[in-house]
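Structure, as structure tokens:
Note on naming: letters A, B, ... go to the chains in the order of the sequence lines (proteins, then strands), and numbering restarts at 1 for each one. Worth knowing before you read on, the calculation uses all heavy atoms, side chains too, and leaves out hydrogens, waters and symmetry mates.
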Amino acid sequence: MDEQSRMLQTLAGVNLAGHSVQGGMALPPPHGHEGADGDGRKQDIGDILHQIMTITDQSLDEAQAKKHALNCHRMKPALFSVLCEIKEKTGLSIRGAQEEDPPDPQLMRLDNMLLAEGVSGPEKGGGSAAAAAAAAASGGSSDNSIEHSDYRAKLTQIRQIYHTELEKYEQACNEFTTHVMNLLREQSRTRPISPKEIERMVGIIHRKFSSIQMQLKQSTCEAVMILRSRFLDAMRKRRNFSKQATEILNEYFYSHLSNPYPSEEAKEELAKKCSITVSQVSNWFGNKRIRYKKNIGKFQEEANLYAAKTAVTAAHAVAAAVQNNQTNSPTTPNSGGFPASCYQSDGRIQ
DNA sequence: TAACATGATTCAAT
DNA sequence: ATTGAATCATGTTA
């Protein structure tokens, strides 16, 4: 403000002294009038500036009257435009130099994460990467799907909060912006405010609000990450395979008792059938072999059960084959039931 | 809640 | 890399 008043004083001093302005006048002459009128106009301006400079010395009523008179003065717009220009040049606007906003990498990261987690993306995005991966890893057992839906419900909750908050912020931002713009427009009648300044102010407000939005995004991300890690922890917990899966595994085990070492392909197939991973299949067989070997007697009943089961399946297959007039005998070598004596015959299971 | 069942992990041997 | 064996941690059941 100091600088500004100094400039004003200089300007006023020059013009009041009646000297002609040498290096080009800051105030362009009003259109249409030239030459003889010039000195009078300079006097006009000088008067106005003088009044402005002395306005604080006067009583309130006097000042109000003067102010009003000045407000209605025909030179006011021109003077304000000059003052605006001066303001622009005095560095008051320097702050606006950092106008161009480089796309904040952190903001982009947050946006991407929210999009990936299905928070800011299309509605009902459903399975996030985490949920999908976990679902694939631990199979479609019923308890798993319960946790899955729980996860989804919580994610939806987060998404709803996020969206309502975001909307709230946006609305508040718009309201505040229009309010400030109205205020500045109102004030521009009594003090020099350039449209550029208003624009800058709007920019500042938007930046402030977007930084608030970033905080919202950040905390939303945190919430999602926490939810996700809890979900994955829950998935990591030991969980028995589904009844169906153990049945399939047992069927294979007891129908290949003489050599219960499934090949890689067989493991993959079993994994697919049981909706578990290949390494889980390997684990299962490893455990099964050792536990079976340790206590064959205990597993006898189970062995007989599965032997009977495979026999029934084979019988069905035979029946189907017969119905199809395929009279060849069934070729599955392991399907014919497994007498207990057979188990001992193999060297590997002893 | 104890006893048992079971999936996972670790480690040495091959 | 795969397996057997021991062990751990947790789920299930009586």
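Taking atom CG of residue A:N240 and atom P of nucleotide C:dG11, one finds them 8 Å apart after rounding to whole Å. Distance A:K288 NZ to C:dA5 P: 16 Å, rounded to the nearest Å. One can place CD of A:E264 at 6 Å from P of C:dT2, the figure rounded to the nearest angstrom. Rounded to whole Å, the distance from CG on A:N295 to C1' on C:dA5 is 16 Å. A:W284 places its CH2 atom 16 Å from the C1' atom of C:dG4, with the value rounded to the nearest Å. Between A:F285 atom CZ and C:dG4 atom P the separation is 12 Å, expressed in whole Å. Atom pair A:E265:CD and C:dT2:P shows a separation of 12 Å (rounding to whole Å applied).
Taking only side-chain atoms of A:T246, from C-beta outward, the nucleotide of B:dG7, C:dT3, C:dA6 with the closest atom is B:dG7. Nearest to the side chain of A:I290, among C:dG11, C:dG4, B:dA8, sits C:dG4. For A:K298, counting side-chain heavy atoms from C-beta on, the closest listed nucleotide (B:dA5, B:dT9, C:dC8) is B:dA5.
For A:N287 against B:dA8, a side-chain-to-base donor-acceptor contact under 3.5 Å is present.
OP1 and OP2 of B:dG7 both lie 4.0 Å or more from every side-chain N or O belonging to A:Q280. For A:R291 and B:dA5, the shortest distance from a side-chain N or O to OP1 or OP2 is not below 4.0 Å. The side chain of A:N283 contributes an N or O atom lying less than 4.0 Å from OP1 or OP2 of B:dA8.
Using a cut-off of 4.0 Å between Lys/Arg side-chain N and Asp/Glu carboxylate O, A:R200 and A:E197 are scored as not salt-bridged. By the 4.0 Å N-to-carboxylate-O rule, A:E222 lies too far from A:K217 to be salt-bridged with it. Using a cut-off of 4.0 Å between Lys/Arg side-chain N and Asp/Glu carboxylate O, A:R109 and A:D104 are scored as not salt-bridged.
With A:Y306 as reference, A:Y254 is the one residue of A:F299, A:F253, A:Y252, A:Y254 to meet the ring-ring contact (aromatic ring centres under 6.0 Å, His included) rule.
Nucleic acid contact for A:K267: sugar-phosphate only, since backbone atoms but no base atoms lie under 4.0 Å from a heavy atom of the residue.
With A:Y292 as the aromatic partner, A:K294 does not meet the cation-pi criteria of under 6.0 angstrom to the ring centre and within 45 degrees of the ring axis.
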